[in-house]
Trainee: 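Let me begin by handing over the structure; questions about it come next.
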Protein chains: 2
Amino acid sequence: MPEAVQSAKTKKQIVSEFRQSEIITAARRVFAEKGYIAATVDEIAALATLAKGTIYVYFESKEQIYNAVLEDDLEALRALTLEKIAAAGTAREKISAYVNARFKYCEERRDFFRIMYIEPSGSPVLSKAKAREWLREPVRQLTVAIESAIAQKLIRPWPAEILAWTVADLTTGALQRRLVTTPATTAREDADFLINFINAALHPRQVEHAHAEN
Amino acid sequence: MPEAVQSAKTKKQIVSEFRQSEIITAARRVFAEKGYIAATVDEIAALATLAKGTIYVYFESKEQIYNAVLEDDLEALRALTLEKIAAAGTAREKISAYVNARFKYCEERRDFFRIMYIEPSGSPVLSKAKAREWLREPVRQLTVAIESAIAQKLIRPWPAEILAWTVADLTTGALQRRLVTTPATTAREDADFLINFINAALHPRQVEHAHAEN
DNA sequence: TTAGAAATTGACTGTATAGTCATTTTTTTA
DNA sequence: TAAAAAAATGACTATACAGTCAATTTCTAA
């Protein structure tokens, strides 16, 4: 009965995945609230209404749980961002799409952004550097679009890759600020400001009279 | 002999401050390398060539050492930044001064920036939020300068405070990127890019045709 | 219905390290 | 130079918590 075996195995997998996602959900909350160090596996277990031992059936270590939480969200964010960028036409629109996708995901997934931006992570494996790696592809897409727009003289000839990373920095910074302080402005306003600000800087004009100062 | 007593007390204070700064220097290195959690007081003691007990004569806890390290650097950075901003004339120059001061301090104090930007800090007391608080004053100074420049129509009427924070975000993001990756560009190039980028966006032109998209 | 498999449990262990304090070393002073 | 004060020491303690595993409960299937 190969089919039956197959089905049994699948069911087992499904249960396993369900447990894992239960644990990840609980862990996300706890990590966001306490940070990696202060979060205890006992607390995650309690929130998931599971015994600690069960956690260790599905994950090998606290660190692995942490990585699973981040990878889960990073992958979703990456997919969403790439999708929105791909759907946008011009370079400017792709930049808007990038900013808007991040803002949207941040609203929806507060806990994840807390972990990423505020939180004293402490995981030696999935460091900020690795997270950056994960988010590299969207920036690469922006870079390509920007290069092409520059070639068409649609935007000012800034160094494309640095510009793309700058868009990312701008977005990250604004989101971080919204998480840390009580924002006086709406997310929409902040996103629009960024988009307009970037667009203003992209405007193809004569080079400014600016020099390096200090 | 009140003077003698006075002098003795002062000497004691001097020795105490010297020890504290020795400890802070060692701790800065260890925290930057290992992060708050992984750093041990034993290691800090070893690097300072002191016994652990001595550390606890001058500091109450590991957390207090960590806070002392950050406060030390934050205060220095704040002072440097404010000084450079004050010395600059126009709003644009003040923005340049801000960016350049940060870049310069980052070059000189790698370890501090590692702790601030990369490091899984984990200190519950001096959080990222508190650090932001510390750096608020320079941003306020920028805000004031920007407001006045806008009133004189020297720069485009962006919301001044948001713009000032955006300058800070841009700088932080670029510095963070330089710490995490092996930068292909020089610090000077990165700083100049930022300054030119911001200046381009400040240029007082008609409002762009940009709308909120998506 | 029940035997056996699978999943779950939580009390327990081992370890790492923050923080202590009785003892030793160094400095002061008379 | 010796007695007292101050500073430094590092072996030790107390604790918190990650990770384990024998025992128990729940599920499966014949």
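Keep in mind that what you see is a predicted model, and the values were worked out from it rather than measured. Residue numbers start from 1 in every chain, and the chains themselves are labelled A, B, ... in the order their sequence lines are given, proteins ahead of strands. Side chains are part of it too, since the values below use all heavy atoms of this structure and drop only hydrogens, waters and symmetry mates.
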Trainee: Of the nucleotides C:dT8, C:dT9, C:dA18, which has the atom closest to the A:Leu50 side chain?
Mentor: C:dT9
Trainee: Side chain of A:Tyr56: nearest nucleotide among D:dA18, C:dT17, C:dT8?
Mentor: D:dA18
Trainee: At their closest point, which heavy atom of B:Ile150 faces which heavy atom of B:Trp158, and how far apart are they?
Mentor: CD1-O, 3.2 Å
Trainee: Mind checking if A:Ala45 touches a base, just sugar-phosphate, or nothing, with heavy atoms under 4.0 Å?
Mentor: nothing
Trainee: Select base, sugar-phosphate, or nothing to describe what B:Thr54 touches, counting heavy atoms under 4.0 Å on all strands.
Mentor: base
Trainee: Take atom CD of A:Gln20 and atom P of C:dA7, then tell me their distance rounded to the nearest Å.
Mentor: 13 Å
Trainee: Which nucleotide in the set C:dT8, D:dA11, D:dA18 lies at the smallest distance from any side-chain heavy atom of A:Val57?
Mentor: C:dT8
Trainee: What integer distance in Å separates A:Ile44:CD1 from D:dC17:P?
Mentor: 12 Å
Trainee: Name the nucleic acid region contacted by B:Ala39, choosing base, sugar-phosphate or nothing; use a 4.0 angstrom heavy-atom cut-off, strictly under.
Mentor: sugar-phosphate
Trainee: Please report the closest heavy-atom contact between B:Thr181 and B:Arg177, naming both atoms and the distance.
Mentor: OG1-O, 2.8 Å
Trainee: For a quick test of reading the model, state the closest non-hydrogen atom pair linking A:Lys34 to A:Ala39 and the distance between them.
Mentor: CB-N, 3.8 Å
Trainee: Could you check which of D:dA18, D:dA8, C:dT9 has an atom nearest any side-chain atom of A:Lys62?
Mentor: D:dA18
Trainee: If you find the nucleotide of DNA chain D closest to A:Val41 and the one closest to B:Arg19, which residue's nucleotide is nearer the 5' end?
Mentor: B:Arg19
Trainee: Report yes or no: is the cationic atom of B:Lys62 (NZ for Lys, CZ for Arg) under 6.0 Å from the centre of the six-membered ring of B:Tyr36, at an angle within 45° of the ring normal?
Mentor: yes
Trainee: To the nearest Å, how far apart are B:Ile65 CD1 and C:dT17 C1'?
Mentor: 13 Å
Trainee: Would you mind reading off the distance between B:Ile55 atom CD1 and D:dT9 atom P, rounded to a whole angstrom?
Mentor: 9 Å
Trainee: Can you check the A:Glu60 CD to D:dG19 P distance for me, whole Å?
Mentor: 10 Å
Trainee: D:dC17 P sits how many Å from A:Tyr36 OH, rounded?
Mentor: 13 Å
Trainee: Give the rounded distance in Å between these two atoms: NZ of A:Lys34 and P of D:dC17.
Mentor: 9 Å
Trainee: Show the nearest heavy-atom pair for residues B:Lys84 and B:Ala101, with the distance to one decimal.
Mentor: CG-CB, 4.1 Å
Trainee: Separation of B:Lys52 atom NZ from C:dA16 atom P, in whole Å?
Mentor: 13 Å
Trainee: Of the candidate nucleotides C:dG10, D:dA18, D:dA7, which contains the atom at the shortest distance from the side chain of B:Tyr58?
Mentor: D:dA7
Trainee: Can you figure out which of D:dA7, D:dG19, D:dA18 approaches the side chain of A:Ser61 most closely?
Mentor: D:dG19
